[in-house]
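Every chain is numbered from 1 and lettered A, B, ... according to where its sequence line falls, protein lines coming before strand lines. No hydrogens, no waters, no symmetry mates; every other heavy atom, side chains included, goes into these values.
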Amino acid sequence: MPQIAKVIVDVPTMQTNRPYDYQVPVTLVDVIQPGMRVIIPFGNGDRKIQGFVLQVLDQLSFTGQLKAIEAVVDLTPAVNPELLSLSDWLAQQTYAFQITCLQTMLPSVMRAKYTKTATLTDEIPTDLQASLFNGNDELTFDQNLAPDKLKQLMQLQRQGKISVTYHVDNRAQVKQLTAIEPALSFEQLEEARMGLRKSAQKQSQLISYLQTLIDQEAPTLLKTILEKTTFTRENIRIGAEKGWLRQVKVEAYRNPYANAVQPTHKMTLTSEQETAVDAVVQSASTDASEVFLIEGVTGSGKTEVYLQTIDAVLQQGKTALMLVPEIALTPQMVQRVKGRFGDLVAVLHSGLSEGEKYDEWRRIERKEARVVVGARSAVFAPLEDIGVIIMDEEHEASYKQDESPRYHARDVAIWRSQYHNCPVILGSATPSLESRARAQKDVYHLIRLTQRVNQQALPAVELVDMREAMRVQKASNFSPALLAGIKERMQKGEQSVLLLNRRGFSSFIMCRDCGFVLQCPNCDISLTLHMDTHSMKCHYCGHEEAIPKICPSCQSRQIRYFGTGTQKVEAELQELIPEARILRMDVDTTRKKGAHAKLLKKFGDHEADILLGTQMIAKGLDFPDVTLVGVINADTALGLPDFRASERTFQLLTQVSGRAGRADKVGQVIVQSYNSENYAIQFAKQHDYEGFYQYEMAVRHRGGYPPYYFTVKVTVSHPEEALAAKKSFQIAKQMRPILSDQALILGPTPKSIARINNRYFYQIVIKYKQEPQLQAKLAEILETTQIDTRHGFKIGLDNEPLQFT
DNA sequence: AGCACGCCGACT
DNA sequence: GTCGGCGTGCTC
């Protein structure tokens, strides 16, 4: 009976965002399964593209001429049934194309690359063949093909002198290594030895060696033999030639953590920790999908709770998924988990090469790894039979992807937990207001860890009012109190960590005579100074140019740096304390792979007194000799027009405060600010999350913000500002009639950076409580504005956006 | 996305 | 007359 496959094709547009029917060729009838990738002809020219099989049916719903599947890419489905249905839900939830969702769930190497080649089928003038085809009869189309050559090719195509073929390249390469195994039995080898000449010492040795390998299950890697024995490549080759041994290819995993990991052991739990573990494990064994919110002060041992929960779940024969913000996925963290569960752990994060990520993914897929630790996209790890999903630092904004599909890993985690009937742990010292409010309403189960494991008091936080400090001294980033603190630690041989809250701050260049600021030609934003590359860069579009020596506007030479970059602060501190050994950690010094870990190791080895950095130093670092944490500018985020500014400031301050004085030494925190009376700073000083939560909830209630309201953001962009504005007003007007009186439309307003990459952005934010028609209307708007994309419009939807600026 | 088709202005 | 510009529709 004829088989039909429903296929999602790799053409990310609104119109092709639906399954297409394909004939399954007889040869593939028993091969093709849902979730496999296939290569299919698509469109008029039958160009070859990749697609995902959704279902295989024996009935067809399509009445036209079917095309047949060309080939299968996978031997086993790349996407299992769970993830297939997750992709469907995700597409609905985030208004993204299903193909984009499917590709997001897989390692990037599994995304197809397409090439197009022209082959000569007829005689053409030799000079043309020489210039166009380089004398060959085949040519690959690519972007840098000169326009005139492209014209010539099109002409040839019209004359029917070339044929165009499409290729789908699969970049996912399995790394293979050569290994050997004995090809004969012990006795046969002995016989072979008899046939040798007396002088063939090495060959005899090889036979003996092979005999020792006979009982081994797996083939031995050639690499290992060459390293550990005296046999050479040539010896092995002769062995193979004489039929004593077989050379086989084995799949190798690129193991990014090949170096031995220190095993770590279970720690004794405090009674609070134990209660937490028990509650979750209890839930795991009842097949319920509860969400636990663990609100635990810094140092309360949340990680140990996670690890012991994972341990219990593994013992139930299930698997575990642990999500960590990218920035917290430090070598320290990985070591800790690997140390506990060894080779059962797969790690997924952006520091791995594409190939390494693919290998880790395959280890999970083949059930060799049963614990996955990773950043946001690890939430799609193909684990089966999940027993618990953990999300550490659940308040972190990096769990939300800021490109399509704009999903929040927390939502995906909860979806998967319902599929697997397993608990979710959301852990944080400073939970997001959304999660904490859900716990209040008993949607989540709240567990509070109030005791620190070492029973030590939280460090004292001292606020320094910079307005005051600046009155008595000249402008500086360092108050006398902070400087004194740093010097004191240096004398005691202890260390300091300094945080530069960089949000909304960076160094730019301004002319002191005319006030000219160097701007990006494509975006409405000033260029940022980068000392390491000696250039000015745009952080939005990547535009780069030389640092001007004279002002382009008034030709003055008085063009100077402004703002507070880490480099500038480092220079100032060095000047103030010449003998200080300072390590700077920011985007520039950690760009290279492994640089982050190297810097941290240096600091851990006491090669520096001071670690100076941006947000990235706030998370997860654990150095016993750090007894002072200084926050250079606590309140830059507070000035931003974002209702989450206070929450972010509170979270950041609490986070860094926890970095001071672990182990046996007392810690101190010095926070410099221009707004020390601000409630976020005050509650952070008191280490009072619950107080902050109550206060902030009241603020959100008054302003009508989440978690009291749901939000959705519509962004419209166009190269012409007036058109972008007009379209956004049109959309707002369409929305109004279907919304109830409870819903509010904010805007349209231009984005705070109105122009990015030569496009103007306008946005609308809809705040609502319950709008049954909203989702359908938004989907409809995406559908109807489809035509406008032809005229340069881009319309994007962001469900529950984290960025409002 | 990328291709064909079809309608208009500028050319051999 | 036709070549080739782009606007429009469609892809199982």
message: Under 4.0 Å, counting only non-hydrogen atoms across every strand here, what does A:Tyr166 touch: a base, just sugar-phosphate, or nothing?
response: sugar-phosphate
- prompt: Can you tell me if A:Thr715 and A:Gln763 form a side-chain donor-acceptor pair at under 3.5 Å?
  reply: no
message: In the structure I gave you, are the side-chain heavy atoms of A:Tyr407 and A:Asn799 within less than 4.5 Å of one another anywhere?
response: no
Between the protein and nucleotides 9-12 of chain C, which nitrogen or oxygen pairs are less than 3.5 angstrom apart?
from   : atom 1 : to       : atom 2 : distance (Å)
C:dG9  : N7     : A:Arg790 : NH1    : 3.3
C:dG9  : O6     : A:Arg790 : NH1    : 3.4
C:dG9  : O6     : A:Arg790 : NH2    : 2.9
C:dC10 : N4     : A:Arg790 : NH2    : 3.3
C:dT11 : O3'    : A:Gly43  : N      : 3.2
C:dC12 : OP1    : A:Tyr22  : OH     : 3.2
C:dC12 : OP2    : A:Lys67  : NZ     : 2.1
C:dC12 : O3'    : A:Asp21  : O      : 2.7
C:dC12 : O3'    : A:Lys67  : N      : 2.7
C:dC12 : O2     : A:Asp21  : N      : 2.8
C:dC12 : N4     : A:Arg18  : NH1    : 3.4
C:dC12 : N4     : A:Arg18  : NH2    : 3.3

- request: Check whether any side-chain heavy atom of A:Arg410 sits under 4.5 Å from a side-chain heavy atom of A:Ser432, and report yes or no.
  value: yes
side-chain N/O A:Tyr114 vs B:dA1 OP1/OP2, d < 4.0 Å: no
task: Could you check how far CZ of A:Arg111 sits from C1' of B:dA1, rounded to whole Å?
output: 15 Å
task: Starting at atom NZ of A:Lys113, determine the distance to atom P of B:dA1, rounded to an integer number of angstrom.
output: 15 Å
message: For A:Gln50 and A:Tyr114, which I'm curious about, is there any donor-acceptor pair between the side chains at under 3.5 Å?
response: no
task: Using only heavy-atom distances, determine whether the side chains of A:His408 and A:Gln401 contain a donor-acceptor pair under 3.5 Å.
output: no
field: Side-chain N,O (A:Lys116) to OP1/OP2 (B:dC3) below 4.0 Å
entry: yes
task: Kindly say whether A:Ser350 contributes a backbone atom to a donor-acceptor pair with the side chain of A:Glu326 at under 3.5 angstrom?
output: yes
